[in-house]
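One structure below.
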There are 2 protein chains.
Amino acid sequence: MFLQIEFESDIPIYQQIKNQIIRGIALGELKLGEDLPSVRQLASDIGINFHTVNKVYNQLKQEGWVVIHRKSGVMINPDLNVYNNKQYIESLDELLKFTTAEAYLRGVTKEKFIELIEENYNKYF
Amino acid sequence: MFLQIEFESDIPIYQQIKNQIIRGIALGELKLGEDLPSVRQLASDIGINFHTVNKVYNQLKQEGWVVIHRKSGVMINPDLNVYNNKQYIESLDELLKFTTAEAYLRGVTKEKFIELIEENYNKYF
DNA sequence: ATATCTGTTATATATTATATATAACAGATA
DNA sequence: TATCTGTTATATATAATATATAACAGATAT
């Protein structure tokens, strides 16, 4: 897979994997219905314990990103519909409060910030 | 102060305090040069241990948000200049990668996302 | 049938992050 | 002298993160 883990990061390994899988879906690098490696395979590839991957897959399942069939394995949810529940919007709103505040004080203009957003969104289709 | 801590949150208390102080500066609720409560006073107000507040103040000092004079106390840095070092831009960029990806997949359009950014930025002066 | 692959569960351990609890110190100030 | 600052030291508790072994049940290929 395309996963790139930074072991020295302050972001937990399981979170890095979740982030990159979700971004992989948005970028189209992971197609809906596509199989993911088995928990043991991915753990082996990355060089981590399989429980960590198992935790990732279960959380992704819980949030609707993947479906798990016992023994056919894990695949990106072919009927992906994780659309914005009010709870998600609230958490996004909360995150942007503090992210924009710090960015502003660090001299990142509104225009520059929006440019960063557009650069990202333009990669999603 | 205006701090509102959620003890059940998955965001650590010290991080919540940092977030709200930085946002307080951006909103103008905290003026440059303004005194902050002493570590013991703020801890008492919130109902937490003073070491937690001490940790916050030291990190804020480390990052340039406040200055600490032994015994005059802690104040918002009157010469605030935390402007964007390359390291910060990189971390912001990394954060936006995953934030925009999930937002996109959850049905938050680029226009809606930008609207959220503008709502926040318009509060800063 | 047997071996091998899946996810799953159980148990145990190690490390780090977060938060608290007490105590004491040194400098400044009233 | 008493009281306020930030600071430091030590100890403890809890939770989050990650690993290590082992075993189980269902599916599949040989």
Side-chain angles (χ1 to χ4, degrees), chain A residues 1 3-22 30 33-78 91 98, chain B residues 1 3-22 30 33-78 91 98:
Chain A
M1 271 185 81
L3 294 179
Q4 193 60 37
I5 304 300
E6 292 185 32
F7 292 96
E8 332 75 30
S9 171
D10 54 340
I11 302 173
I13 294 173
Y14 84 95
Q15 189 62 58
Q16 293 186 48
I17 299 175
K18 283 184 67 179
N19 285 343
Q20 293 184 35
I21 288 179
I22 292 172
L30 287 174
E34 179 172 342
D35 283 326
L36 291 179
S38 73
V39 289
R40 289 177 180 79
Q41 184 60 53
L42 183 52
S44 170
D45 288 350
I46 302 178
I48 60 176
N49 191 275
F50 79 85
H51 283 110
T52 304
V53 176
N54 196 245
K55 177 180 181 176
V56 170
Y57 282 176
N58 273 293
Q59 288 190 8
L60 289 174
K61 172 189 173 190
Q62 191 65 30
E63 298 168 16
W65 303 104
V66 304
V67 292
I68 304 179
H69 295 100
R70 184 159 199 139
K71 216 37 181 281
S72 65
V74 179
M75 67 165 63
I76 305 298
N77 192 341
S91 70
F98 306 119
Chain B
M1 270 185 84
L3 294 179
Q4 193 60 36
I5 304 302
E6 293 185 33
F7 292 95
E8 332 76 31
S9 172
D10 54 339
I11 302 174
I13 295 173
Y14 84 96
Q15 189 63 58
Q16 293 185 48
I17 300 175
K18 282 185 68 180
N19 285 343
Q20 293 184 36
I21 288 179
I22 292 173
L30 286 173
E34 180 173 341
D35 283 326
L36 291 179
S38 73
V39 288
R40 289 177 179 81
Q41 184 61 51
L42 183 52
S44 170
D45 288 351
I46 302 177
I48 60 176
N49 190 276
F50 79 84
H51 283 110
T52 304
V53 176
N54 195 243
K55 177 179 180 177
V56 170
Y57 282 177
N58 272 293
Q59 289 191 9
L60 289 175
K61 171 189 173 188
Q62 191 65 31
E63 297 168 15
W65 303 105
V66 303
V67 292
I68 304 179
H69 295 100
R70 187 158 197 139
K71 216 39 182 297
S72 63
V74 179
M75 66 164 64
I76 306 297
N77 193 341
S91 71
F98 306 118

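Just so we're on the same page: letters track the sequence lines, and every chain starts at 1. For the numbers below, each heavy atom of this structure counts, side chains included, while hydrogens, waters and symmetry mates do not. In this text the structure is predicted, and so the values were computed from the model without any measurement.
In terms of heavy-atom proximity, Ile21(A) sits nearest to Leu30(A) at O-CD1, 3.6 Å.
Annotation: side chain of Asn77(B) is not in contact with side chain of Val66(B) (no heavy-atom distance under 4.5 Å). Side-chain contact between Ile17(A) and Ile46(A) is present, with at least one heavy-atom pair separated by less than 4.5 Å. Residues Asn49(A) and Asn54(A) are not in side-chain contact: their nearest non-hydrogen atoms beyond the backbone lie 4.5 Å or more apart. Taking the side chain as every heavy atom from C-beta outward, Asp45(B) and Leu3(B) never approach each other to under 4.5 Å. For the pair Tyr57(A) and Leu36(A), the minimum side-chain heavy-atom distance is below 4.5 Å.
Within residues 52-69 of chain B, the residues that have a heavy atom under 4.0 Å from DNA chain C are, in order of number, Thr52(B), Lys55(B).
Within the 4.0 angstrom heavy-atom criterion, only backbone atoms of the sugar-phosphate kind lie near Tyr14(B); the bases stay farther away.
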Dot-bracket line, read 5' to 3' along DNA chain C, where crossing pairs take [ ] and | marks a partner on another strand, Watson-Crick or G-U under 3.5 Å = |||||.||||||||||||||||||||||||
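Residue side chain His51(A) does not reach the base of dT8(C) through any donor-acceptor N/O pair under 3.5 Å, judged by distance alone.
When the nucleotides dT21(D), dT6(C), dT8(D) are ranked by their closest atom to the side chain of Arg40(A), dT6(C) comes out on top. Looking at the side chain of Ser38(B), the nearest of the listed nucleotides dA21(C), dG6(D), dT19(D) is dG6(D).
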